**Student:** 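Right, I'll just put the structure down here and ask away after.
If you're wondering where the values come from, they're calculated on a predicted model, not measured in any experiment. Start at 1 with the first residue, then count along the sequence.
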Amino acid sequence: MFLQSGRAGDCFTVFDLGQFVIHTLEDGTMSEYAIITFRNTGPIKTWAAMRATNVHNARTKPLAHAMPGAPAPKHLIGGRDLVADVKRGLTIAKIDPDKLRKNGVIAYEAILSASPEFFDVGSPAERADRLDRWTAAQVEWGKKKYGMLRIASMVLHTDEKTPHIHLVILPLEVKRDKRRKDAEVRWGLVGRTISGPGQFDRIQDEYAEAMAAFGLVRGVRGSGRKHEPVPVYLQRMAEKEQAVDVERTSLVGLREGVERDRALVDAGTAKVNAAWRQIVAQRAQAEAAEADLARRIADHDERVRRDAAAMAEEKREFEQARQALRDRQATNVAAGKEVARRAALVEADRLSVQRDHEALVEARTKFRAHRDQVEVARVAVIARRDAVKIESDRVEAGKERLLSVFSAAQSFLRQAKAVPESDLTPRAAAAVTAAHSLRQAAMAITPPRHEADVGVLAQFAQLRAAGRGIGA
């Protein structure tokens with residue numbers, strides 16, 4: 001298995017430049033390796049290359065061989081903008097990102113990983129726990145090895161077959177200038193800080209030692225093996241054998257050159273030892289300066305963290321206010337619809353009231369006309385009542401006279417019945433006839449047709465009753 005980046009021209013091999021070979025333990029199991037490798041195209045020297053690195057590391061564009069549905073990159077240190085993170089680190093070290101030396105080293109990129117079997121063993125929960133502990137160990141080792149100032153970014157990728165971490169390092173080194181009078185620490189970008197002689201071997205040793213707690217081991221030093229396809233490996237070995245034959249013929253000449261070089265090396269060793277002692281002293285100063293800078297970086301990060309927390313709180317409050325505004329807008333829209341509906345009802349009620357008012361005005365006009373008619377009728381009724389009263393009084397007076405006449409006629413007829421008809425004188429016979437005629441007239445008494453007064457009608461009824469009594 002091997003790990004390869006998605007950028008054209010930037011190929012990462014899991015095994016570091018031929019430093020690993022397959023190794024079988026005594027119990028028959030295969031070794032699992034701690035793997036750290038720097039990309040074979042060398043350091044990052046341009047901002048364009050830095051942006052291209054960010055495209056791959058932050059997955060700002062889809063990766064063709066990424067596993068579908070896998071988690072997004074996890075930024076352990078830094079964010080999704082690698083250029084901004086690098087410039088921030090340079091600015092903290094008081095290096096102007098816009099005034100870097102042309103074609104000078106800006107940063108190195110390394111990949112931290114392990115044998116695929118290391119991540120595949122156990123249940124899903126065990127694999128997840130192992131990945132979390134391994135990830136934390138990578139961050140701890142990176143900080144201890146390079147310091148927070150030099151680490152611009154650490155990104156965990158789990159969307160490829162083997163989990164791995166991209167580590168971008170700033171090759172910062174304290175610059176010493178004896179001509180300067182001030183004691184201020186000055187930093188510079190020095191590529192040999194990362195890629196100097198023997199640095200890669202030392203990094204392999206240190207990294208493997210740090211990962212030993214996970215049962216990971218270092219690859220066999222100097223094995224000459226690379227992780228590559230078998231045909232390519234066989235072709236390379238054949239070419240190597242031919243090269244060995246050529247080198248054997250020139251071995252004698254080389255040996256003489258080696259002797260001369262050894263003398264030069266012995267002379268240079270003394271100088272190197274003196275320089276090494278000076279470097280040790282400078283390193284102590286650099287470590288003190290780095291500790292001070294780390295403290296300032298920690299203070300800066302704490303301020304950034306507090307500012308970020310405050311911004312997050314402000315964002316949360318803003319989101320709440322915006323949601324409340326949306327709610328109020330929705331309420332206002334609903335209220336507007338309700339107001340429109342009620343306005344329509346009010347308008348309908350207004351039209352209805354207007355129609356009712358017009359009908360009321362019309363009814364009032366009719367009522368007033370009817371009232372006038374009623375008043376006229378009332379006056380007429382009063383006049384009629386007065387007339388009926390007069391007529392009633394007249395009838396009452398006539399009734400009294402007629403009743404006395406009827407009573408006398410009735411008494412006369414009773415007396416006449418007691419006398420034989422032959423004994424009646426002509427005047428008595430005429431009186432009897434007149435009494436009978438009076439009875440007929442009394443029976444024929446009727447009130448006028450237009451009369452409706454109860455008292456008058458009762459008086460006429462009484463007269464008729466009295467009339468019937470005549471001659472009874």
Side-chain angles (χ1 to χ4, degrees), residues 5-10 12 38-39 41-63 66 71-112 135 138-139 142-143 145-159 164-173 185-191 193-194 290 293-316 318:
S5 76
R7 294 196 303 275
D10 287 350
F12 293 94
F38 290 78
R39 66 180 189 174
T41 55
I44 302 172
K45 295 185 176 183
T46 65
W47 294 115
M50 191 73 70
R51 286 190 290 271
T53 301
N54 189 61
V55 169
H56 174 81
N57 292 359
R59 298 291 195 260
T60 58
K61 293 183 180 179
L63 187 64
K74 183 177 182 180
H75 294 271
L76 308 173
I77 296 177
R80 288 179 55 83
D81 190 344
L82 178 60
V83 174
D85 292 336
V86 171
K87 288 184 176 182
R88 183 180 72 90
L90 294 176
T91 302
I92 293 175
K94 297 184 179 181
I95 298 175
D96 190 344
D98 298 325
K99 296 182 180 180
L100 300 180
R101 181 170 56 85
K102 185 176 181 180
N103 202 38
V105 174
I106 301 176
Y108 284 85
E109 183 179 18
I111 286 185
L112 311 178
T135 301
Q138 308 312 299
V139 176
K143 291 179 179 179
K145 171 64 179 175
Y146 297 107
M148 278 298 298
L149 178 62
R150 294 188 179 93
I151 299 178
S153 173
M154 287 189 78
V155 184
L156 171 65
H157 285 176
T158 56
D159 58 351
H164 57 279
I165 292 175
H166 287 263
L167 170 63
V168 178
I169 312 163
L170 303 179
L172 293 171
E173 186 175 291
V185 176
R186 298 184 181 273
W187 296 83
L189 292 171
V190 182
T193 301
I194 306 298
E290 184 174 351
L293 183 59
R295 179 184 58 78
R296 288 190 292 166
I297 291 174
D299 294 341
H300 177 271
D301 290 343
E302 178 61 21
R303 290 193 299 271
V304 170
R305 185 190 65 77
R306 289 196 299 267
D307 293 343
M311 290 178 63
E313 179 63 20
E314 291 178 358
K315 181 178 179 182
R316 184 184 65 80
F318 172 75

**Student:** Hey, what do you get for CG (Leu63) to OG1 (Thr60), rounding to the nearest 0.5 Å?
**Tutor:** 10.5 Å

**Student:** So which heavy atom on Arg39 is nearest to which on Thr53, and how close?
**Tutor:** NH1-OG1, 3.7 Å

**Student:** Go through Ile92 and Trp187 one step at a time and tell me if the side chain to side chain contact (heavy atoms under 4.5 Å, CB included) criterion holds.
**Tutor:** CA-CA 10 Å; Ile92 293 175; Trp187 296 83; over 6 Å; no

**Student:** Would you call Met311 and Lys315 a side-chain contact if the rule is heavy atoms closer than 4.5 Å?
**Tutor:** no

**Student:** Name every donor-acceptor pair, under 3.5 Å, that has one atom in a side chain of residues 146-156 and the other anywhere in the protein, sequence neighbours excluded.
**Tutor:**
from   : atom 1 : to     : atom 2 : distance (Å)
Arg150 : NE     : Leu172 : O      : 2.8
Arg150 : NH1    : Tyr146 : O      : 3.0
Arg150 : NH1    : Glu290 : OE1    : 3.3
Arg150 : NH1    : Glu290 : OE2    : 3.1
Arg150 : NH2    : Leu172 : O      : 3.1

**Student:** Kindly compute the distance separating CZ (Arg51) from OG1 (Thr46), expressed to the nearest 0.5 Å.
**Tutor:** 7.5 Å

**Student:** Compare every heavy atom of Pro171 with every heavy atom of Ile194, then report the nearest pair and how far apart it is.
**Tutor:** CG1-CB, 3.9 Å

**Student:** For Arg316, give me all partners under salt bridge (charged side-chain N to carboxylate O under 4.0 Å, His left out), at least two apart in sequence or on another chain.
**Tutor:** Glu313

**Student:** Can you name the closest pair of heavy atoms from Leu189 and Ile106 and give their distance?
**Tutor:** CD2-O, 4.0 Å

**Student:** Could you walk me through whether Glu109 and Leu167 pass the side chain to side chain contact (heavy atoms under 4.5 Å, CB included) test, one step at a time?
**Tutor:** CA-CA 6 Å; Glu109 183 179 18; Leu167 170 63; over 6 Å; no

**Student:** Answer yes or no: is there a donor N or O on one side and an acceptor on the other, between the side chain of His157 and the main chain of Asn57, under 3.5 Å?
**Tutor:** yes

**Student:** What is the minimum heavy-atom distance between Tyr108 and Gly191, and which atoms define it?
**Tutor:** OH-O, 3.2 Å

**Student:** Could you tell me whether the side chain of His166 reaches within less than 4.5 Å of the side chain of His56, counting heavy atoms only?
**Tutor:** yes

**Student:** Using the salt bridge (charged side-chain N to carboxylate O under 4.0 Å, His left out) criterion, which residues pair with Asp299? Sequence neighbours excluded.
**Tutor:** Arg295

**Student:** Check the pair Leu100, Leu90 against side chain to side chain contact (heavy atoms under 4.5 Å, CB included), reporting the backbone distance first and the verdict last.
**Tutor:** CA-CA 10 Å; Leu100 300 180; Leu90 294 176; 4.2 Å; yes

**Student:** Checking Asp159 side chain against Pro71 main chain: does a donor-acceptor pair fall under 3.5 Å?
**Tutor:** no

**Student:** Lys145: which residues meet the salt bridge (charged side-chain N to carboxylate O under 4.0 Å, His left out) condition with it, sequence neighbours left out?
**Tutor:** Glu206

**Student:** By the side-chain hydrogen bond (donor to acceptor under 3.5 Å, both in side chains) test, which pairs, at least two apart or in different chains, include something from residues 77-96?
**Tutor:** Lys94-Glu184

**Student:** Which distance, rounded to the nearest 0.5 Å, do you find between the NZ of Lys143 and the CD1 of Ile77?
**Tutor:** 5.5 Å

**Student:** Side chain to side chain contact (heavy atoms under 4.5 Å, CB included), that's the test. Do Val105 and Val190 meet it? Break it down for me.
**Tutor:** CA-CA 7 Å; Val105 174; Val190 182; over 6 Å; no

**Student:** Restricting to non-hydrogen atoms, name the atom on Ala49 and the atom on Ile44 that form the minimum distance, rounded to 0.1 Å.
**Tutor:** CB-CG2, 3.9 Å

**Student:** For a 4.5 angstrom cut-off between non-hydrogen side-chain atoms, does His164 reach Leu112?
**Tutor:** no

**Student:** Got a second to check how far Trp47's CH2 is from Asn54's CG, nearest 0.5 Å?
**Tutor:** 11.5 Å

**Student:** According to salt bridge (charged side-chain N to carboxylate O under 4.0 Å, His left out), who are the partners of Arg303, at least two apart in sequence or on a separate chain?
**Tutor:** none

